[in-house]
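Read through the structure below, which is laid out as C-alpha cells, and then see the notes.
Side-chain atoms are counted along with the backbone in the values below, which use heavy atoms only and exclude waters and symmetry mates.
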Amino acid sequence: MKEITAKELEQKLTAGEALNIIDVREDEEVAMGKIPGAKHIPLGQIPERLEELDKNDHYYMVCRSGARSGNATVFLTERGYNVTNMVGGMLDWEGEVE
C-alpha cells in the first residue's frame with residue numbers, strides 16, 4: 001500500500017498541486033472540519049460510489065487515524081485504482097480545514 005504523511009500531503013496542497021482527496025470519515029466527523037477541497041465519501045459507501053472515481057486519477061484517502069482510509073486504499077487498489085493512504089489521518093493534520 002502506498003502511503004503519505006499528513007505533512008507531505010499538506011506540502012503538496014501548499015505548493016498548489018491539484019489533488020484528489022477522499023475523506024472516508026462519517027458525517028459527524030467531517031462536520032468538525034476536513035482538508036480543503038476533499039470529497040466526502042464515507043467508508044461504507046465506497047463500494048456503491050465507485051462510478052464517482054476515475055481509474056486514471058490518483059486519490060489520497062483520509063480518515064481520523066489512518067485505519068479506515070487504509071482499508072479503503074486496499075479495497076480500491078485491488079480494483080485497479082491508483083490510491084495512497086494518508087497515515088496518521090486527521091489526528092496528524094496540522095494544515096487548514098474547511
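Side-chain heavy atoms closer than 4.5 Å link hydrophobic residues (I, L, V, M, F, W, Y) into clusters, and following such links, even through other members, never connects Val74 to Ile41. Criterion: ILVMFWY side-chain heavy atoms under 4.5 Å apart, direct or through other members. Under it, Val87 and Val62 are not part of a common hydrophobic cluster. Under the 4.5 Å side-chain heavy-atom criterion for Ile, Leu, Val, Met, Phe, Trp and Tyr, Met1 and Phe75 are members of distinct hydrophobic clusters. Note: the hydrophobic cluster containing Tyr81 also contains Val24 (ILVMFWY, side chain heavy atoms under 4.5 Å, direct or indirect links).
Side-chain contact between Met90 and Met32 is absent, with no heavy atoms from C-beta onward closer than 4.5 Å. Annotation: side chain of Trp93 is in contact with side chain of Leu9 (closest heavy-atom distance under 4.5 Å). Side chains of Thr5 and Asp92 form no contact here, defined as non-hydrogen atoms less than 4.5 Å apart.
Of all the heavy atoms in Ala6 and Gly89, the pair that sits closest is CB-O, 4.4 Å. Nearest heavy-atom pair, Glu26 versus His40, reported as atom, atom and distance to 0.1 Å: C-NE2, 3.9 Å. Nearest heavy atoms, Arg25 versus Val30: NH2-CA, 3.8 Å. Nearest heavy atom pair, residue Pro36 against residue Val97, reads CD-CA, 4.1 Å. Nearest approach of Ala72 to Ile46, heavy atoms of both residues: CB-CD1, 4.5 Å. The two atoms that bring Thr73 and Thr77 nearest to each other are O-OG1, 2.7 Å, heavy atoms only.
A distance of 7.5 Å separates CZ of Arg68 from CG of Leu43, quoted to the nearest 0.5 Å. With rounding to the nearest 0.5 angstrom, the CE atom of Met61 is 10.5 Å from the OG1 atom of Thr84. Atom-to-atom distance recorded for Leu19:CG and Tyr59:OH is 12.5 Å, nearest 0.5 angstrom. Note that the CZ atom of Arg64 and the OG atom of Ser69 stand 11.0 Å from one another [nearest 0.5 Å]. Taking CD1 of Ile21 as the reference point, atom NZ of Lys34 lies at 9.0 Å (rounded to 0.5 Å). Of the inter-residue distances, the one linking Ile22 atom CD1 with Met86 atom CE reads 13.0 Å to the nearest 0.5 angstrom.
At distances below 3.5 Å, not a single donor-acceptor pair connects side-chain atoms of Asn82 with backbone N or O atoms of Asp57.
Heavy atoms of other residues, nucleotides or ligands lying less than 6.0 angstrom from CD of Glu94 number 12 at most. Atom CD of Glu96 sits in a sparse spot, with 12 or fewer heavy atoms from other residues, nucleotides or ligands closer than 6.0 Å.
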Stepwise, does the side chain to side chain contact (heavy atoms under 4.5 Å, CB included) test hold for Lys39 with Arg49?
CA-CA 12 Å; Lys39 179 177 182 133; Arg49 294 177 65 181; 4.3 Å; yes

